[in-house]
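See below for the structure under consideration.
Below, chain A is the first sequence line, B the second, and so on; all start at residue 1.
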2 protein chains.
Amino acid sequence: MGTTKSQIFTEQQNDLAQLFKVLGHPARVAILQYISHQNACICNDLVEEIGLAQATISQHLKELKGLGLLKGEVEGKRMCYCIDIDRWNSIQNQLNSFFNTTKSNCC
Amino acid sequence: MGTTKSQIFTEQQNDLAQLFKVLGHPARVAILQYISHQNACICNDLVEEIGLAQATISQHLKELKGLGLLKGEVEGKRMCYCIDIDRWNSIQNQLNSFFNTTKSNCC
DNA sequence: TTTTAATATTGCAATATTACGATAATAAAA
DNA sequence: TTTTATTATCGTAATATTGCAATATTAAAA
């Protein structure tokens, strides 16, 4: 037990839940908001800005990268993380499609 | 450790993350989809439909209720769970507002 | 080459989540 | 009133997540 029984759900349901799950942490919400207001991002800024340890920030960035929401570019010894706007839009569409199809049949 | 450091984030960030988090489980996605296609819902149907134990389904329903997404009506010895459409729309708006404000400043 | 700075990875402790059996609670039916 | 059916709650086991210190990695700077 303790493990989500993914095999009993459709791929679409698992994917959608995964999207929500990655966005379901205030640090990751804050990271996305901060990056979007900088037009660029250096990880060390985030450590000061957010107030979590460097290792923790790096871990959260990894999850956002895993979803394809962030793309990282090496700039010397720094990393510049940016939001992948195509992926961003595609995810927004997926979520809206879920909301719209669900509500249209609602009692 | 193991606990999210909510106190370092804004209320808005915590609330938004909480919304995403509750939606971030395939069983809860499946429950919402199933309810919306029934126009009404009896918990026992869900147990058969989803394939998780009754106690587990009841727990997931509780989380969705906690978010205000579901409203339950007692019908004799049954519960009829419905999606609260106002709350549903309000959550969809919150999410879209997050997506739109974030992307508008993106690099 | 050595040092320095930035980021990633590893290992671990603490807490949270998921799932389910057992049981309680509730209300209709017999 | 007793039984039956439905849903909620409790207790617990298994796994996942969060967070951080320590360390590794990488590349520029000295």
Would you say [X] reaches [N]'s phosphate, i.e. side-chain N/O to OP1/OP2 under 4.0 Å?
| X | N | value |
| --- | --- | --- |
| B:Tyr81 | D:dA8 | yes |
| B:Lys65 | D:dA8 | yes |
| A:Lys21 | D:dT17 | yes |

Can a donor-acceptor pair be found, under 3.5 Å and without considering hydrogens, that links the side chain of [X] to the backbone of [Y]?
| X | Y | value |
| --- | --- | --- |
| A:Arg28 | A:Leu64 | no |
| A:Gln13 | A:Thr10 | yes |
| A:Thr102 | A:Phe99 | no |
| A:Ser58 | A:Gln54 | no |

Tell me which of A:Thr3 and B:Arg78 sits closer to the 5' end of DNA chain D, going by the nucleotide each one is nearest to.
B:Arg78
In terms of the nearest nucleotide of DNA chain D, which residue is placed more toward the 5' end: A:Ala53 or A:Glu75?
A:Ala53
Just by distance, no angles: are the side chains of B:Asn100 and A:Gln92 close enough, under 3.5 Å, to form a donor-acceptor pair?
yes
Contact list for DNA chain D against residues 54-63 of chain A - heavy-atom distance below 4.0 Å
A:Ala55, A:Thr56, A:Gln59, A:His60, A:Glu63
Strictly below 4.0 Å, heavy-atom distances to any atom of DNA chain D: list the hits from residues 7-15 of chain B, or just say none.
none
Result of checking B:Lys71, B:Gln38, B:Lys65 against B:Tyr81 for side chain to side chain contact (heavy atoms under 4.5 Å, CB included)
B:Lys65
